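First comes the structure, then the notes that go with it.
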Amino acid sequence: MKLPMHVVFGPNPGSYYVACGRNLEFKDMPVAFTDKMKEFTVVSWSWISMGPNCETWVARNAENDTFYFNTGLNTDIHSYLTGKNDRTQAQFVSFAPESGYWCVKHNLNGWNAYVSKSSEKKILEMQARVQGFDGGLKGILFGHGDSHIYMFQAGFAYNLEGDAENAEHPLHKVLEEFLNRGEGWIIEESSSLCFYDDRYFFLKFKRTGDDSMEMRWNLPEEMAARLSSLVDIAKTSTEQHAIEVEDLALAVSGQVCDSNGTNEYEDEYDQRSLPDDDSLVHLAPSSSRLQAVKALLGLPCGLSGVPQLGMPKETKRSSSAHYRHLLGFKR
C-alpha cells in the first residue's frame with residue numbers, strides 16, 4: 001500500500017501541515033507555503049523543512065527538480081540552493097530550533113552549518129567518532145533543545161537531550177527500536193522533529209536492502225486526528241489507484257527532468273494568515289507537468305469520478321492505544 005506522507009510542525013500544537021495520499025490539511029501556516037503545497041501532488045515533494053517560527057522554509061519538488069523557499073531566505077542558504085557565489089548546490093536543508101540556525105548538505109560530499117555552540121560541539125564530536133562522516137551524511141534533523149538526528153546513507157545516529165534521554169521517552173524508544181533491528185535501516189529526509197516539544201516527531205525509516213518503508217509518529221492530539229483521517233482516506237481502493245497513477249507519472253516525469261539536466265529554484269512571497277475555518281482540507285491537484293506525462297502514458301487525467309473530500313470540524317480524541325499502535329512499542 002502506497003501512503004506518501006508529509007508532516008510539518010508549526011510553532012505550537014495549533015499550527016501544522018499534514019498530508020497523505022493526495023490530500024493535505026493545514027492550520028495557521030504561512031500562506032505562500034500552503035499555496036505552494038496545493039500546487040503539486042503530495043508525492044511530488046521529496047522533503048519539506050520549516051523554521052521554528054514558520055518564518056522560513058525550503059522544500060524540494062522531485063517532479064521538476066526545483067527548490068521552493070520563502071522570500072528573505074538566509075543569503076548563505078540561498079547561495080547553496082542556487083549554486084551561486086562559488087557554493088556547491090545543496091541536496092538537503094534543515095533548520096535548528098533557534099531562529100537563524102541551519103544545516104546544509106551539499107553535493108560534493110560535504111556539509112555546512114550555522115548552529116549554536118552546544119550543537120556545534122555535539123556535531124563535531126560525532127564527526128570525530130564516525131568514519132566517513134562528511135561523505136556519508138545525508139543531513140541533520142533538529143528537534144527540541146539540542147536533540148538531533150544524523151541521517152546517513154547507510155544508517156543513522158542521534159543525540160538526545162533532556163527528557164528525551166530517558167529510555168522510556170517515545171522518541172528514544174522508536175530510535176532504539178530500529179537501531180536494535182541491525183544494519184540497513186536509514187531515516188529519510190522527509191522526516192521531521194518538533195521544536196516546541198521533544199515528545200512529537202514524524203520519522204520515515206527505510207531499509208536499504210529491499211527499500212521497505214516503515215513510519216512512526218507521535219503528534220499533538222488535533223494534528224494526530226487530522227493525519228489519521230487523511231490516512232483512512234488514502235487507504236481506500238479508489239485513492240490507492242489514483243496514488244499509483246500519480247506515482248507512475250512522477251517517475252516518468254523525473255526521468256524527463258533528469259535527461260534535461262535541470263535544477264532550478266523559485267522564491268516565494270511569505271506571509272502568515274489564520275484560516276477562517278478551524279482547519280482546511282485540500283485535494284492536491286495534478287500539476288500541468290504531471291498531467292502532460294499522464295496524457296503521454298495514456299493514464300487518466302483530472303479528478304473525474306473522485307469526490308471532493310471534506311473534513312468535519314469536530315476532532316475525535318486519539319486514544320492511548322492509537323499512539324501505541326503508531327509507535328509500535330514492543331517493550
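Predicted model only: the values in this text are computed from it and were never measured.
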Heavy-atom closest contact (A157 atom, M126 atom, distance): CB-CE, 4.0 Å

F26-F33 aromatic ring centre distance below 6.0 Å: no

Exam field: side chain Q89 to backbone L81, donor-acceptor pair closer than 3.5 Å: yes

Residue pair P220 / P13: nearest heavy atoms and the distance that separates them: CB-CB, 4.0 Å

Residues forming a ring pair (Phe, Tyr, Trp, His ring centres under 6.0 Å) with F95, sequence neighbours excluded: none

Minimum side-chain heavy-atom gap L141-F92 below 4.5 Å: yes

Polar side-chain atom of T66 near backbone of N64 as donor-acceptor pair, under 3.5 Å: yes

Test: D76 and R87 ion pair at under 4.0 Å: yes

Residue pair G145 / P97: nearest heavy atoms and the distance that separates them: O-CG, 3.4 Å

Any side-chain heavy-atom pair of M223 and V7 under 4.5 Å: yes

Check against side chain to side chain contact (heavy atoms under 4.5 Å, CB included), L203 and V174: CA-CA 9 Å; L203 297 175; V174 167; 4.2 Å; yes

Side chain S79, main chain T75, donor-acceptor under 3.5 Å: yes

Side-chain heavy-atom pair S147, H144 within 4.5 angstrom cut-off: no

Chi angles and distances behind the side chain to side chain contact (heavy atoms under 4.5 Å, CB included) call for F195, F142: CA-CA 8 Å; F195 293 136; F142 295 94; 4.2 Å; yes

Test: K121 and E125 ion pair at under 4.0 Å: yes

Exam field: side chain H172 to backbone A164, donor-acceptor pair closer than 3.5 Å: yes

Minimum side-chain heavy-atom gap R216-F205 below 4.5 Å: yes

Minimum heavy-atom distance between M29 and G10, given as atom pair plus value: SD-CA, 4.1 Å

Contacts of W45 that satisfy ring pair (Phe, Tyr, Trp, His ring centres under 6.0 Å) - sequence neighbours left out: F40, Y68

Side chain to side chain contact (heavy atoms under 4.5 Å, CB included) assessment of I243 paired with V42: CA-CA 9 Å; I243 293 168; V42 175; over 6 Å; no

Whether W217 and F202 hold their rings parallel, tilted or perpendicular, with breakpoints at 30° and 60°: tilted

Qualifying residues under salt bridge (charged side-chain N to carboxylate O under 4.0 Å, His left out), relative to D35, sequence neighbours excluded: K38

Under-4.0 Å salt bridge between E177 and R181: yes

Check: S49 side chain, V93 main-chain N or O, donor-acceptor pair, under 3.5 Å: yes

Main-chain N/O of K2 paired to Q240 side chain as donor or acceptor, under 3.5 Å: yes

Donor-acceptor under 3.5 Å (S44 side chain, E63 main chain): no

Ring geometry between Y114 and Y101 (parallel below 30°, tilted from 30 to 60°, perpendicular above 60°): perpendicular

Residues, nucleotides or ligands: over 12 heavy atoms within 6.0 Å of E183 CD: no

N/O donor-acceptor pair under 3.5 Å between E176 side chain and K173 backbone: no

CG on N23 to CG on L227, rounded to 0.5 Å: 11.5 Å

Flag, side chain of S119 to backbone of S116, donor-acceptor distance under 3.5 Å: no

Distance in Å, D134 CG paired with Q127 CD, rounded so as to fall on 0.5 Å steps: 4.5 Å

Lys/Arg N to Asp/Glu carboxylate O, E39 vs K36, below 4.0 Å: yes

Centroid-centroid distance, H78 to F69, less than 6.0 Å: yes

Pairwise distance CG(N12) to NZ(K27) - rounded to 0.5 angstrom: 9.0 Å

F9 and Y200 aromatic ring geometry - parallel, tilted or perpendicular at 30°/60° bounds: parallel

Results of salt bridge (charged side-chain N to carboxylate O under 4.0 Å, His left out) for K138 - residues two or more places apart only: E188, E189

N74 and W102: CA distance, side-chain angles, deciding distance, side chain to side chain contact (heavy atoms under 4.5 Å, CB included) verdict: CA-CA 9 Å; N74 175 282; W102 48 268; 3.6 Å; yes

Step-by-step side chain to side chain donor-acceptor pair (under 3.5 Å) determination, N112 to H106: CA-CA 8 Å; N112 291 86; H106 48 71; 2.8 Å; yes

With sequence neighbours excluded, residues passing salt bridge (charged side-chain N to carboxylate O under 4.0 Å, His left out) with D86: none

Smallest separation among heavy atoms of V8 and M50, with atom names: CG1-CB, 3.5 Å

N159 atom CG: more than 12 heavy-atom contacts under 6.0 Å: yes

Straight-line distance of E239 CD to L3 CG, nearest 0.5 Å: 11.0 Å

side-chain hydrogen bond (donor to acceptor under 3.5 Å, both in side chains) contacts in which one or both residues fall within residues 90-100, not counting sequence neighbours: N53-S99, Q91-N107

Sidechain-backbone polar pair: N218 side chain, F201 backbone, donor-acceptor under 3.5 Å: no

For C20 against L230, the heavy-atom pair lying closest together: CB-CB, 4.0 Å

I149 and I140, any side-chain heavy atoms less than 4.5 Å apart: no

Inter-residue atom distance D198.CG - D146.CG, 0.5 Å rounding: 12.0 Å

Derivation and outcome, salt bridge (Lys or Arg N to Asp or Glu O under 4.0 Å), residues D232 and K235: CA-CA 5 Å; D232 289 342; K235 287 181 177 179; 5.3 Å; no

Pairwise side-chain contact, L160 with N166, heavy-atom cut-off 4.5 Å (strictly under): no

Residue pair S190 / K204, side-chain donor-acceptor N/O under 3.5 Å: yes

Evaluation steps, side chain to side chain donor-acceptor pair (under 3.5 Å), between Y16 and E222: CA-CA 10 Å; Y16 56 82; E222 179 182 336; 2.8 Å; yes

Sub-4.5 Å side-chain heavy-atom contact between Y17 and I48: yes

Salt bridge present between E120 and K122 (N-O < 4.0 angstrom): no

I186 side, atom CD1; T208 side, atom OG1 - distance, nearest 0.5 Å: 6.5 Å

